[in-house]
Amino acid sequence: MLEIRDLQKSYPIGGTSLHVLKGINLSIKDGEMVAIMGSSGSGKSTLLNIIGMLDELDSGEYILDGLPIKNLTEKKAALYRNKFLGFIFQSFNLINYKNALENVALPLYYQGMSRKDRQEKALFHLGKVGLADWAKHLPKELSGGQNQRVAIARALAANPKLLLADEPTGALDTTTSYEIMAFIQQLNDEGKTILMVTHEEDIANMCKRIVRLKDGVIMEDTKVIQVRADQYV
Amino acid sequence: MIKFLLEKDTWQEVFDSLSKNKLRSILTMVGVWWGILLLISLLGSAKGIENNFNRMFENFATNSLFIFSGRTTMPFKGYQEGRPVPLSLNDVEKIKENIKGVEEVLPSHFFNITLNRKSLAASFGGRGEFPLIDVLAKKDLLWGRYINQNDIDERKKVAVISEDAYKQLFEKDEYPIGEMIYGENVSFTVIGVYKVVRFGGPPIDIDIPFTTSQQIYNRGNKIDLMMITGDPSFEINQINADVKLLLKNIHNIHPDDNRALNGFNLGDQFEQLTGFLTGMQFLTWFVGIATLIAGVFAIGGILLISVKERTKEIGVRRALGATPFLIKRQIIIESVAISLIAGVLGIISGGIILMLVNKLAGIGEDAFMRNPSVSIGIVFFALLIVTSLGTLIGLIPAFKATSVKPIDALREE
């Protein structure tokens, strides 16, 4: 599914440059659920952004589903993101003047799907996260947990191969966090490959594999016994 | 490529983002709305004034000129300067015979007369005229008729008087036709009252038959003025020059003495007015377009701020798969939509203003404009300008929106 070899990334800061990722090797198979952990500055977000094609690598290789991801034009990157990736953000990043249904339908709009198909499909995904009745509500009328569920539905709408989550529970209280994690685990059970960045141990333990980053290198990469979130809900 | 313009989604997106910030959208539109409103109402008013001039001139043969007798200002062939130039009926004949392109030469006399009637009295300038003058410079008759050939042939003591003279000699609402008005040694029967259109020159309020004035004032074949009309295919200025040259020869006037023969050229006056109107229209276009450009720039500026504010939203859209092209297209459509809505509102309110202007200044006999309006062509042209400027100015925020990398856009708070 995903193959990263000797990935390097640095940012110019003033006259010098900050070496953020110093040779990352990572391989993720279909159906895995991986947590990337690390303190701030460890490079975990940068790694996720590169995997999400929001940022470019300096050197090394990144192969997604057999496709080498390098020197993409913005247009191509947008197309790949739309086709292969679903994003879940810490702050949900819903569009505040669009209702839940429209937000979920947005990736499908960019796929060029017809309005009717889009709404149908978006409603189906909203139903999957249990928010079909909230389809016409604006983000500000929904709770944080509900908003994150809308965001998950949106990430799923285009049926991506890989779900990328950047601190998906970072803005939520513990109970809601576990609710959201239960959803994400359920998605993984259904076969979706999931990669998330988190700095919370309990959340990481709900994944099947933990990759620990420190100062731009992988310190540890272990399979764990998944803690089911639904037992706390 | 053009299909997206017909899709509901495209416009839903525009509507969403405009209605999200209503006040800003409205303020953005004000500039363009004002520009179009100015353009439409000023052009319409200019057109109204032009229509009115055309109406005033439609009664006149504009390819005509007037020549008055004057005094020489230069000595020539032994004559002293200051000598009066006596125009005569012979001159009229010679002009008709010799000058190419001349259609009609109408002589007339000037006279001053004090007229009284009952207890009312006033002094007027008058002219002895031929009936043909009513064809070349049509009189707007309020009552009665103009001088006819029978009046000429029989040297009738009849007068056609101006509305001003009527007001001075008659009581309000009195019917003037057939009434007598009295001069010192002569009396006239009023046969008509006309409305005066003045173009300078001495005010004329009393028209009597040429033959009558010839007799009363014992003018012989001397005349004071002639109106010359030219064939429309001839340049009136050329005829003017030819006529003056001929008269200078006949009357031994120095060739360079341009003040011995007075006169004016209606064609020239008409051209001056037309020139004035053209200038006014040019000014209007200039002001209107400049305001429009300023308005569209305001739209560009505000969209730029809007794009800046929406950096994160744009980042999210790009993460979800919006290509830079789609983002740019959306912003340009927004720009065009704002411009167009503002433009259409400007056209509508400009039209309403023209209706008001017409009510206030365009109705009645003394109105200085007629039917102030703009042609549909101008409306479309204005919309075309607004649309293309909107597109061009939209390019700036559009490129700004996609110049930020998605990752930086997402980090924006």
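Reckoned from all heavy atoms, side chains included, excluding hydrogens, waters and symmetry mates. Just so it is clear: chains get the letters A, B, ... in the order the sequence lines come, proteins before strands, and each one is counted from 1.
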| Those residues of residues 110-130 of chain A, ordered by number, that approach chain B below 4.5 Å (heavy atom to heavy atom) | A:Y110, A:R115, A:R118
| field | A:Y11 atom OH, neighbour heavy-atom count above 12 within 6.0 Å | value | yes
| message | Within the 3.5 Å criterion, strictly below it, is a donor on A:Y97 or B:E313 matched to an acceptor on the partner's side chain? | response | yes
| Residue by residue, which of residues 131-160 of chain A have a heavy atom closer than 4.5 Å to a heavy atom belonging to chain B? | A:R154
| field | B:T10 OG1 to A:Y109 OH distance, which is reported to the nearest 0.5 Å | value | 4.5 Å
| A:K214, NZ atom: more than 12 neighbouring heavy atoms under 6.0 Å | no
| task | Please confirm whether the backbone N or O of B:R318 pairs with a side-chain atom of A:R81, one donor and one acceptor, at under 3.5 Å? | result | yes
| said: Whether the side chain of A:N93 engages the backbone of B:V316 through a donor-acceptor N/O pair (distance < 3.5 Å, no angle test) should be reported. | reply: no
| query | Which residues in residues 38-75 of chain A have any heavy atom lying under 4.5 Å from a heavy atom of chain B? | reply | A:N49, A:L54, A:D55, A:E74, A:K75
| chain B interface, residue from A:G86, A:A77, A:P107 that has the most non-hydrogen pairs under 4.5 Å | A:P107
| field | Partner chain A: residue of B:P406, B:S19, B:A322 with the largest heavy-atom pair count (under 4.5 Å) | value | B:A322
| query | Does any heavy atom of chain B fall under 4.5 Å from the side chain of A:K76, the backbone, both, or neither of them? | reply | neither
| said: If I measure from the heavy atoms of chain A, does B:R317 come under 4.5 Å with its side chain, its backbone, both, or neither? | reply: both
| said: Atom NZ of residue position B:K328 - does it have more than 12 heavy atoms of other residues, nucleotides or ligands inside 6.0 Å? | reply: yes
| field | A:L79 side chain near B:T323 side chain, heavy-atom distance below 4.5 Å | value | yes
| Per-residue contact mode, A:Y80 against chain B (heavy atom under 4.5 angstrom) | neither
| Reported CD1-to-NZ distance for the pair A:I95 and B:K312, which is rounded to 0.5 angstrom | 12.0 Å
| field | Summary of salt bridge (Lys or Arg N to Asp or Glu O under 4.0 Å) pairs that have at least one residue in residues 278-295 of chain B, sequence neighbours excluded | value | none
